[in-house]
> 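Have a look at the structure that comes next, please.
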Amino acid sequence: MTVAAEALAGRSARRRVRETVVTHVCLVIGVLIFAFPIYLALIGSTHTSGTIGRGDVPLLPGPDAVANYAQAWGIGGGRFMGVPAGGMLLNSLLMASLIAVGKIAISLTSAYAIAFFRFPGRMVFFWLIFITLMLPVEVRIIPTFQVMVSLGMTNSMAGLVIPLIASATATLLFRQFFLTIPDEYVEAAKIDGAGPVRFFFDVLLPLSRTNIAALFVILFIYGWNQYLWPLLIVNDRSLETIVVGLTKMIGSGDAQNEWNVIMATAVLAMVPPVGVVLLMQRWFVRGLTETEK
Amino acid sequence: MATLTLSGVRKSFGATAVLHGVDLAVRDGEMIVVVGASGCGKSTLLRIVAGLETATAGRVMIGDQDVTALEPADRDVAMVFQNYALYPHMSVFQNMAYGLKIRGLPKPEIIRRVDEAAALLDIGGLLDRKPRQLSGGQRQRVAMGRAIVREPKLFLFDEPLSNLDAKLRVQMRAEIRRLQKRLGVTSLFVTHDQVEAMTLGDRLVVMHAGHAAQIATPMEVWERPADTYVAGFIGSPAMNFLAATLEAGGAAARLADGLVLPFADGSRAGEAGRKLTLGIRPEHLRPQTGGLRVMVELVEPLGAESLLHGRLPDGAEMTVKLAGAVHADGVLEVMPIAEALHVFDGETGRRIEPLG
Ligand SMILES: Nc1ncnc2c1ncn2[C@@H]1O[C@H](COP(=O)(O)OP(=O)(O)O)[C@@H](O)[C@H]1O
Ligand SMILES: [Mg+2]
């Protein structure tokens with residue numbers, strides 16, 4: 001190697017090191033900003049309420065984790081003592097899963113109809129669905145509540161889930177995906193003798209696997225984070241969801257909050273969505289590498 | 001195995017008419033190649049036979065059965081698509097077996113048929129693979145296999161070779177022909193490639209703007225093209241066309257520059273001065289003084305022969321194919337072989353046969 005070439009190689013190596021350092025510093029700062037509140041919650045859930053109540057924020061784990069989590073899981077805390085997190089987590093899990101599965105089922109079938117069939121009013125329906133994109137739950141919440149009251153569906157899991165199931169976004173996403181599926185698959189299936197239902201289950205559904213997995217993650221978290229609708233439709237504390245229950249634990253004003261239990265409940269509330277993301281991500285990646293086109 | 005009969009098949013998409021009445025009778029076991037330029041309605045015709053499109057008018061008969069109103073699945077046809085249309089999430093075996101499974105064939109019978117077809121196509125080792133793990137040629141074979149296991153009355157091919165590279169295309173072309181002969185299944189094969197058409201077909205249907213311009217054996221199409229379109233489309237390099245008029249007596253044609261070419265095969269009807277188009281294939285021209293004066297613009301040596309591209313004094317383009325290496329510069333005088341002259345009507349472009 002000539003001297004000049006060595007110098008050049010040395011310089012580019014130094015540049016690589018500098019770039020690595022800079023990017024890592026940026027990443028670490030980002031991680032700190034996002035992770036710090038979660039870290040605080042984790043730490044907070046390992047101290048007694050007295051420690052936190054004094055006002056100084058501990059940065060190292062305390063000795064009371066087991067007691068706090070046991071109380072949060074089995075007994076509850078806060079203003080209205082006695083709604084255990086275990087039940088609320090189960091409610092949330094059920095609600096979020098039903099919403100995600102329901103949304104996917106409804107939007108798969110409606111996208112199938114819109115993308116593959118010619119029927120009168122097809123474009124009208126398409127635009128109707130499209131327009132509802134602009135109507136979030138909050139806008140239609142009063143009439144929806146009225147309908148649920150008339151149907152006697154308040155205080156029920158069905159009342160909690162059904163109004164949230166229709167999904168314009170998922171329908172449109174599936175429609176776009178279906179439009180990318182080559183016509184020849186449909187035609188090959190027709191010649192093979194597969195009717196619309198068989199085609200849906202044998203060809204379309206397997207091809208949509210990755211999209212379904214990705215949407216499930218997004219929709220599960222959407223369902224998990226629902227606040228306003230569960231707050232309105234459910235009074236029965238046995239149907240309380242974790243997100244609503246968590247906010248109810250925090251008292252206003254001077255009341256002494258049991259921050260340790262609240263933190264423990266908050267940490268518990270994070271586990272299922274994180275679990276779903278991790279679980280589905282594996283599936284999602286596998287799906288990506290297994291199918292193409 | 002069966003015959004296929006199309007009578008008066010028309011198709012319009014809204015206001016645009018794509019097929020203007022196609023009649024065709026395919027014999028049992030025959031391989032018919034539908035050839036024509038892109039957009040002339042070949043695929044539409046094939047899809048009407050498959051039942052993927054409904055004809056605006058006309059009838060499709062497979063054997064003695066009128067299938068015009070039947071669904072694709074009830075027509076007992078198999079189709080090989082240009083992009084193969086193999087289901088990506090199914091293995092090769094599942095792809096081939098899918099149609100049989102839907103028909104409710106017993107499992108051992110399905111396995112027997114798939115194994116048999118796989119052996120025939122030499123893809124026995126690939127049955128567990130997914131389509132994306134296959135090369136283009138292998139996918140092509142699987143697509144063929146999927147058609148074969150069905151044991152249909154009719155094979156339909158829509159440009160199945162155009163996604164392959166040149167070498168593989170020639171190889172698969174021969175293989176398809178061999179398989180089709182061996183299985184004896186009546187077949188309709190669509191292509192825009194005239195070489196493919198000439199080599200594959202028992203008979204050709206040359207399509208032009210929604211009409212069947214000519215239906216005949218490859219050699220007949222080449223030797224006696226029905227009109228100037230067919231003449232120009234079949235044969236490479238393309239036929240040369242010259243404007244001419246009929247001489248009195250109908251035994252010769254006079255070119256614009258005064259050269260008179262006598263017909264070797266007999267005289268044509270019509271009075272003197274009837275407008276003609278003469279067709280001369282590049283390989284049917286010989287150097288000869290006193291012939292057509294071609295200003296040579298480009299020489300393409302092809303080894304065994306050379307292609308000369310040039311113009312006549314009136315500006316008409318002319319291609320000449322001569323044996324061996326040719327060093328021609330400036331003007332070359334060539335004369336058509338009288339026996340190989342094609343005579344077409346100057347207005348309609350239809351072939352004019354000799355009298356008697
Ligand atoms: N579904 C359709 N709707 C409207 N026009 C079509 C449709 N399918 C084909 N065409 C038109 O019909 C003509 C013939 O098409 P096609 O049969 O695919 O031609 P080829 O296979 O000979 O290239 C084309 O001009 C094409 O634009
Ligand atoms: Mg085509």
Side-chain angles (χ1 to χ4, degrees), chain A residues 104 108-109 111-113 115-120 122-123 173-174 176-216 280 282-293, chain B residues 43-44 46-54 67 70-91 94-105 110 129-134 139 142-143 146-147 149-150 152-160 163:
Chain A
I104 286 172
L108 267 175
T109 41
Y112 184 44
F116 285 96
F117 296 88
R118 308 274 163 275
F119 53 90
R122 191 172 68 102
M123 286 322 278
L173 283 176
F174 279 126
Q176 287 316 111
F177 171 65
F178 289 168
L179 292 183
T180 68
I181 288 181
D183 287 343
E184 281 84 352
Y185 290 161
V186 184
E187 295 175 348
K190 275 188 192 163
I191 291 179
D192 274 339
V197 176
R198 281 203 91 118
F199 178 73
F200 182 76
F201 284 106
D202 286 355
V203 180
L204 213 51
L205 216 51
L207 289 180
S208 312
R209 264 198 327 211
T210 50
N211 296 56
I212 292 174
L215 264 176
F216 183 86
M280 297 307 276
R282 283 227 320 267
W283 212 74
F284 182 62
V285 170
R286 201 173 58 201
L288 275 184
T289 53
E290 258 179 19
T291 56
E292 72 174 16
K293 268 191 264 178
Chain B
S43 296
T44 306
L46 194 75
R47 293 160 55 79
I48 286 173
V49 175
L52 296 169
E53 297 287 358
T54 24
V67 298
L70 292 187
E71 287 293 312
D74 302 326
R75 294 188 179 200
D76 202 5
V77 300
M79 187 153 167
V80 178
F81 295 88
Q82 178 171 353
N83 65 3
Y84 317 137
L86 301 174
Y87 308 118
H89 59 290
M90 294 187 196
S91 68
Q94 289 168 323
N95 262 291
M96 286 167 72
Y98 188 58
L100 305 181
K101 203 175 103 189
I102 290 178
R103 275 183 174 65
L105 258 67
I110 294 179
R129 295 216 197 153
K130 293 279 173 65
R132 78 189 148 78
Q133 296 166 309
L134 303 178
R139 285 181 207 193
V142 176
R146 177 162 72 174
V149 293
R150 296 269 308 279
K153 286 189 184 137
L154 211 57
F155 279 149
L156 304 173
F157 300 89
D158 193 355
E159 311 215 11
N163 282 2

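Throughout, protein chains are lettered first and strands after them, A, B, ... in sequence-line order, and every chain is numbered starting at 1.
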> Counting only heavy atoms from other residues, nucleotides and ligands, does the tally under 6.0 Å from CD of B:E71 exceed 12?
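At most 12 heavy atoms, drawn from other residues, nucleotides or ligands, come within 6.0 Å of this atom.
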
> Within this structure, what is the CZ-OH distance for the pair B:F81 and A:Y185, rounded to the nearest 0.5 Å?
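It comes to 11.5 Å.
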
> According to ring-ring contact (aromatic ring centres under 6.0 Å, His included), who are the partners of B:F157, at least two apart in sequence or on a separate chain?
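Once residues adjacent in sequence are excluded, the partners of B:F157 under the ring-ring contact (aromatic ring centres under 6.0 Å, His included) criterion are B:F155, B:F189.
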
> Top residue by heavy-atom pair count (under 4.5 Å) with chain A, among B:L156, B:L86, B:L52?
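Winner by heavy-atom pair count: B:L52.
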
> Return the minimal non-hydrogen interatomic distance between B:A73 and A:G193, and the atom names on each side.
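So the two residues come closest at CB-CA, 3.3 Å.
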
> Does the pair A:D192/B:R150 count as a salt bridge with the N-to-O cut at 4.0 Å?
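Answer for the salt bridge query: yes.
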
> If we only count heavy atoms from C-beta on, is the B:R47 to A:E187 side-chain gap below 4.5 Å?
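In contact.
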
> Chain B heavy atoms under 4.5 Å from A:D183: which part of the residue, side chain, backbone, both or neither?
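For A:D183, there is no contact with chain B at all, as no heavy atom is under 4.5 Å.
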
> What is the minimum heavy-atom distance between A:I191 and B:P72, and which atoms define it?
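Result for this residue pair: CG1-CB, 4.0 Å.
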
> For B:Y98 and A:A194, indicate whether the former's side chain and the latter's backbone hold a donor-acceptor pair under 3.5 Å.
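Answer holds: no.
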
> Can you tell me how far the CD atom of A:E184 sits from the CE atom of B:M79, to the nearest 0.5 Å?
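A:E184 CD to B:M79 CE: 8.0 Å, rounded to 0.5 Å.
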
> What part of B:R146 is in contact with chain A, defined as an atom under 4.5 angstrom from a non-hydrogen atom: side chain, backbone, both or neither?
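Interface part for B:R146: side chain.
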
> Return the minimal non-hydrogen interatomic distance between B:P88 and A:L207, and the atom names on each side.
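Smallest heavy-atom distance, with atoms named: CG-CD2, 3.3 Å.
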
